[in-house]
Amino acid sequence: MSSDLFDPFHSGPDQALSDSPLLAGLNPEQLAAVTAPPGPNLVLAGAGSGKTRVLTTRIAWLLQTGQATPGGIMAVTFTNKAAKEMLTRLQAMLPINARGMWIGTFHGLCNRFLRAHYQLAHLPQAFQILDTQDQLSAVKRVIKGLKFDEEKVVPKATTWFIANAKEEGKRPRDLVPRDDLGRMQLEVYQAYEDQCQREGVVDFAELMLRTYEILRDNAPVREHYQRRFRHILVDEFQDTNKLQYAWLKMFSGRPDVNGCSVMAVGDDDQSIYAFRGAQVSNMADFEREYRVQRVIKLEQNYRSHGHILDAANELIARNSKRLGKTLRTDQGQGEPIRIYEAASDFAEAQWLVDEARQLRREGGPLHEVAFLYRSNAQSRVIESALFNAGVPYKVYGGLRFFERAEVKHALAYLRLIENPNDDTSFLRVVNFPARGIGARTLEQLQDAARISGRSLYQSVTAVPGKAGANLAAFNGLIDAMREATAGLTLRAIIEHVVQASGLADFYRTEKEGQERLENLAELVNAAEAFVTQEGFGKDAVAMPVDEGAGAIAQGLPTAVARVDVLPDAETGEIISPLVAFLTHAALEAGDNQAQAGQDAVQLMTVHAAKGLEFNNVFITGLEDGMFPHENSMNDGESLEEERRLMYVAITRARKKLHISFCQTRMLHGQTRYNIKSRFLDELPEASLKWLTPRNQGFGSGYAKQYQDAWASGKGLGSVVGAGAQPWRSGGGQGSGYNGGYSGGQKWAERRPQDEFKDLTAPMPKAMAANRSEGGFKVGQQVFHNKFGEGVVLTLEGSGPDARVQVNFGRHGSKWLMLSVAKLTPIE
DNA sequence: GGTGCCCCGGCCCCG
DNA sequence: CCGGGGCACC
């Protein structure tokens with residue numbers, strides 16, 4: 001289309017500004033951002049303000065006007081989805097070769113960097129990436145090795161501690177413990193780091209930190225990249241953490257010194273990742289430290305109708321710390337936001353199904369219908385209702401494909417082929433399927449390995465007797481696999497490993513193994529598609545690593561002889577398809593894009609929905625404790641984050657927004673009695689349309705049959721009773737790999753499963769054990785002079801001793817003596 | 001000492 | 001769901 005791209009007589013930027021077709025249709029603010037002069041730029045981009053368009057158009061414009069070459073551009077995003085979107089749009093605008101461009105996620109780019117500089121990084125070139133699960137088990141192993149009490153040094157909390165330290169840029173030596181726990185955690189951190197180094201593996205935070213450190217400590221490398229990347233664009237800047245910001249500074253250098261042009265695009269109102277270290281303050285810091293002359297604000301919203309924007313604006317205005325920004329739209333007010341109160345989560349799900357069908361009858365495509373929820377667990381009941389009604393749907397997130405146990409097992413064997421010293425993978429499969437290697441033997445092995453400072457694989461000879469022979473046999477198996485698969489295609493490698501490992505046989509005989517077998521078959525498909533997609537085809541030619549980097553990377557070979565080693569099609573970096581695929585599995589985890597041509601309702605968390613838009617959005621589960629989440633309700637900062645999350649949810653809608661909540665919800669196998677979310681009260685009444693009577697009583701009607709007689713709350717925040725977890729068995733949502741690789745449509749071919757049948761079955765009558773005391777019943781709505789509206793959770797004792805536990809929403813749940821508290825029932 | 005099975009506890013959001 | 005602990009049985 002833009003034939004003048006390679007025109008040597010092409011006009012300079014000023015003239016292109018006026019006549020480039022790229023710029024047609026941009027509003028003045030967008031135009032200002034796209035054509036901003038080189039230098040630091042901060043763009044405050046409201047939801048639906050055309051942010052991605054601005055980013056991609058700017059890149060295209062920089063290329064078209066000759067201000068940049070593809071190799072001189074770096075564009076960083078947070079999600080794979082966003083990176084792909086950017087690349088796709090860019091390729092539609094310009095006939096460019098995207099291979100030289102560094103467009104990707106922070107972690108993806110770090111991976112690329114570390115593969116190229118693996119020697120400087122002191123890593124094997126085929127280093128593997130630990131996902132959250134792997135990291136946790138590695139940390140557990142360390143804690144056990146140090147003989148610490150897991151009750152005290154809680155593994156999960158320790159992984160959090162380690163990740164935090166890394167995100168602060170801190171190594172163990174940089175930390176000073178305050179107390180015993182701190183000392184022990186620090187020891188774990190150090191030992192964990194040693195262990196990872198020994199095994200040749202890195203976790204997510206390590207990808208970032210190690211890249212940062214190389215740039216910080218190695219001037220030639222740093223200067224090389226600073227010379228190379230003349231333009232850096234950062235998407236979702238509000239979600240960057242401290243380390244990512246420092247990382248950016250390393251790549252950009254000081255703009256006033258070397259003239260690198262950095263454009264940071266973000267929206268403080270959409271900052272929803274504080275829980276993993278994001279600092280909105282990076283935006284203000286950027287403005288100050290990079291000496292941004294003028295902040296460009298994109299406030300014109302092209303997405304949503306008026307009522308939707310009014311609601312979003314009014315809601316977010318309640319947050320105190322904002323840079324300040326108000327969205328406006330030229331579109332009409334549109335339809336008011338519909339609010340639906342359901343008696344139960346089952347009823348809510350049924351309503352959602354009915355709505356989806358209605359929308360389909362009206363001719364709207366289902367992929368324009370999104371059901372959003374706060375947490376993944378909420379999807380099950382909705383899935384079951386959709387499934388039973390035969391409405392196609394697609395779940396994003398949840399337990400992702402590459403995180404499934406059987407897939408991780410297969411991947412562990414593959415990783416051992418690449419690197420037998422990967423102890424995490426070794427432990428995962430050494431006795432799976434069972435080979436007579438038990439806990440006792442592994443303890444011995446681990447002790448021996450610890451003493452000699454070698455890997456488990458290297459230490460098997462230290463274990464005597466039958467057990468030692470079994471271990472040696474396992475090593476033999478791994479070695480045999482490596483030999484048997486040398487030179488094979490990725491597909492053949494995986495097929496071989498699935499058979500030779502015994503996984504296939506194991507799952508064939510397992511009674512619930514069928515679905516797992518299917519997933520293993522799917523893994524082969526995913527690999528096949530990966531090879532095709534990434535250009536690891538037969539005719540792939542070995543190419544040099546990035547030239548400058550290659551020179552610095554101390555004699556990295558620029559050509560390869562081995563047939564099983566091929567270059568990454570995008571970068572020319574030399575890695576084997578297997579390593580590339582394993583990396584892909586760790587970094588993308590089966591991250592999902594919709595399958596082409598498939599018309600299905602879209603189910604996802606609000607977090608996953610960021611950056612997306614739909615004609616019809618349903619925000620479900622608007623209950624205090626769910627949304628806002630109970631862990632975030634009583635703290636100002638985190639409540640503001642929840643509010644931003646709600647803001648993100650609202651602004652996903654183009655035409656119609658629907659919000660639902662329910663009186664009772666099964667969660668963790670227990671019935672909870674919720675009151676509606678405070679966020680509902682923060683929306684403008686004039687933009688709402690209640691489909692059910694407002695403030696409908698809780699103890700009435702349909703909800704009654706779900707009252708839980710065993711409710712026995714366990715203190716503040718625990719608004720649940722005890723009980724079984726009837727639906728927790730088998731299956732699981734999102735089964736099947738959704739990465740666009742396979743034509744398999746799991747929702748269509750999935751057998752009806754028990755869990756789904758159970759879900760919509762009527763609740764048992766056992767609930768009738770409910771009793772009343774002094775006119776109060778479990779589930780009843782009550783009013784208290786000080787705490788306001790609440791719901792009775794538990795009744796205990798009788799007569800003068802009678803006490804109740806009441807969930808007062810924002811005031812938490814309280815135990816009250818009936819004889820003392822002034823509690824009145826609400827009809 | 002290993003295996004298989006049952007039960008339990010945890011689980012928000014993510015690369 | 002997943003991992004882990006406890007337990008009966010080999």
Side-chain angles (χ1 to χ4, degrees), chain A residues 76-83 104-111 129-133 135-137 140 144 150 154-156 163 167 203-208 236 239 241 244 272-278 372-380 396-400 402-406 408 428 431-444 465-467 470 510 512 515 583-591 604-610 621 625-633 638 641-642 644-645 648-649 667-669 722 724-725 727-735 755:
Chain A
V76 204
T77 65
F78 273 84
T79 62
N80 296 300
K81 202 161 49 193
T105 62
F106 277 101
H107 295 93
L109 295 184
C110 287
N111 170 60
I129 299 164
L130 300 184
D131 66 17
T132 326
Q133 289 175 31
Q135 193 199 7
L136 185 63
S137 68
K140 277 184 189 165
K144 280 203 182 98
E150 287 197 14
V154 182
K156 213 151 205 182
E167 276 158 17
D203 60 36
F204 286 130
E206 187 70 30
L207 284 171
M208 291 290 318
E236 309 280 13
D239 288 335
N241 62 33
Q244 284 158 338
I272 55 175
Y273 284 104
F275 71 89
R276 62 170 195 207
L372 308 184
Y373 34 80
R374 175 68 178 80
S375 62
N376 281 305
Q378 290 166 253
S379 78
R380 295 231 167 159
Y396 292 78
L399 183 68
R400 293 183 298 202
F402 287 120
E403 291 167 357
R404 301 189 68 88
E406 62 276 19
K408 289 221 72 168
R428 182 172 193 105
N431 199 37
F432 192 92
R435 330 188 144 82
I437 301 165
R440 193 70 205 90
T441 303
L442 289 177
E443 252 172 59
Q444 269 178 277
K466 183 86 174 79
N470 289 343
E510 274 264 296
E512 311 241 323
E515 192 178 342
T583 303
H584 167 77
L587 286 179
E588 303 211 8
D591 197 37
M604 67 193 82
T605 63
V606 180
H607 282 90
K610 188 156 98 156
M626 297 299 296
F627 198 176
H629 192 272
E630 59 186 323
N631 297 350
S632 310
M633 288 196 313
S638 38
E641 174 142 326
E642 294 286 315
R644 290 192 293 270
L645 199 52
V648 167
L667 197 74
H668 303 239
Q725 303 190 358
W727 72 87
R728 298 296 176 112
S729 66
Q733 83 270 38
S735 63
E755 72 194 295

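Lettering follows sequence order; numbering is per chain, from 1. Worth knowing before you read on, the calculation uses all heavy atoms, side chains too, and leaves out hydrogens, waters and symmetry mates. Computed from a predicted structure; not experimentally measured.
- When the nucleotides B/dC14, C/dC2, B/dC11 are ranked by their closest atom to the side chain of A/Arg276, B/dC14 comes out on top.
- For A/His607, the ring-ring contact (aromatic ring centres under 6.0 Å, His included) partners are A/Tyr273, A/Phe275, not counting sequence neighbours.
- An OP1 or OP2 oxygen of C/dC1 is reached within less than 4.0 angstrom by no side-chain nitrogen or oxygen of A/Asn376.
- A/Gln133 has its CD atom 19 Å from the P atom of B/dG10, to the nearest Å.
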Exercise. Run the side chain to side chain contact (heavy atoms under 4.5 Å, CB included) check on A/Asp131 and A/Lys408 step by step: do they pass?
Worked result: CA-CA 11 Å; A/Asp131 66 17; A/Lys408 289 221 72 168; 2.6 Å; yes
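- For A/Thr79 against A/Thr77, the heavy-atom pair with the smallest separation is O-OG1, 3.1 Å.
- Between the CG atom of A/Asp131 and the P atom of B/dC14 there is a distance of 14 Å, given to the nearest Å.
- A/Glu403 has its CD atom 13 Å from the C1' atom of B/dC13, to the nearest Å.
- If you find the closest nucleotide of DNA chain B to A/Gln244 and to A/Gly436, the one lying nearer the 5' end belongs to A/Gly436.
- There is a side-chain donor-acceptor pair under 3.5 Å between A/Ser375 and A/Gln378.
- A/Glu642 places no side-chain N or O within donor-acceptor distance of the main-chain N or O of A/Met633, the cut-off being under 3.5 Å.
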Sequence neighbours excluded and cut-off under 3.5 Å, please list the side-chain donor-acceptor pairs for residues 432-441 of chain A, or say none.
{"unit_1": "A/Arg435", "atom_1": "NH1", "unit_2": "A/Tyr413", "atom_2": "OH", "d": "3.2"}
{"unit_1": "A/Arg435", "atom_1": "NH1", "unit_2": "A/Val429", "atom_2": "O", "d": "2.8"}
{"unit_1": "A/Arg435", "atom_1": "NH1", "unit_2": "A/Val430", "atom_2": "O", "d": "3.1"}
{"unit_1": "A/Arg435", "atom_1": "NH2", "unit_2": "A/Tyr413", "atom_2": "OH", "d": "2.8"}
{"unit_1": "A/Arg435", "atom_1": "NH2", "unit_2": "A/Ser501", "atom_2": "O", "d": "3.0"}
{"unit_1": "A/Arg440", "atom_1": "NH1", "unit_2": "A/Glu443", "atom_2": "OE1", "d": "3.4"}

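- Within the 4.0 angstrom heavy-atom criterion, only backbone atoms of the sugar-phosphate kind lie near A/Ala439; the bases stay farther away.
- Protein atom CD of A/Glu443 is 13 Å distant from nucleotide atom P of C/dG4, rounded to whole Å.
- Residue contacts shown for A/Lys408 are absent, as no nucleic acid heavy atom lies under 4.0 Å away.
- The separation between A/Lys156 atom NZ and B/dC14 atom P is 13 Å, rounded to whole Å.
- An aromatic stack links A/His629 and the base of B/dC12, using centre distance under 5.5 Å and interplanar angle under 30°.
- Backbone-only contact: A/Ile437 has heavy atoms under 4.0 Å from sugar-phosphate atoms and none from a base.
- Nucleic acid contact class of A/Asn431 (heavy atoms, under 4.0 Å, all strands): sugar-phosphate only.
- For DNA chain B, if you chain together Watson-Crick or G-U pairs that step i with j, i+1 with j-1 and so on, the runs of at least three with distances under 3.5 Å are B:1-10 with C:1-10.
- For A/Thr441, the listed nucleotide lying nearest its side chain is B/dG2; candidates were B/dC12, B/dG15, B/dG2.
- Stacking between A/Phe275 and B/dC13 is present: the aromatic ring centre lies within less than 5.5 angstrom of the base six-membered ring centre, and the two planes differ by under 30 degrees.
- A close approach under 4.0 Å does not occur between any side-chain nitrogen or oxygen of A/Lys140 and OP1 or OP2 of C/dG3.
- Residue contacts shown for A/Tyr273 are limited to sugar-phosphate atoms, with no base heavy atom under 4.0 Å away.
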For this session: Using the side chain to side chain contact (heavy atoms under 4.5 Å, CB included) rule, take A/Ile129 and A/Leu587 through it: C-alpha gap first, then chi angles, then the decisive distance, then the call.
Result: CA-CA 8 Å; A/Ile129 299 164; A/Leu587 286 179; 4.0 Å; yes
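- Which of B/dC14, B/dG15, B/dC12 sits closest to the side chain of A/His607 comes down to B/dC14.
- The heavy-atom pair separating A/Glu167 from A/Gly277 by the smallest distance is OE1-CA, 4.1 Å.
- Across all strands shown, A/Arg440 has heavy atoms under 4.0 Å from sugar-phosphate atoms exclusively, and none from any base.
- Checking B/dC14, B/dG2, B/dG15 against every side-chain atom of A/Thr132, the shortest atom distance belongs to B/dG15.
- Of the P atoms belonging to C/dG5 and B/dC11, the separation is 15 Å, rounded to the nearest Å.
- Rounding to whole angstrom units, CG of residue A/Asp203 and P of B/dC14 are separated by 18 Å.
- Put simply, A/Thr605 has a side-chain N or O that comes within less than 4.0 Å of OP1 or OP2 on B/dC14.
- Using a 4.0 Å heavy-atom distance criterion, A/Arg428 is classed as a sugar-phosphate-only contact.
- Mapping A/Ala434 and A/Ser632 onto DNA chain B via the closest heavy atom, the residue that lands nearer the 5' end is A/Ala434.
- Atom pair A/Leu136:CG and C/dG4:P shows a separation of 8 Å (rounding to whole Å applied).
- What you find for A/Gly104 and A/Ala83 is that their closest heavy atoms are CA-CB, 3.8 Å.
- Rounded to whole Å, the distance from CD on A/Glu406 to C1' on C/dG3 is 15 Å.
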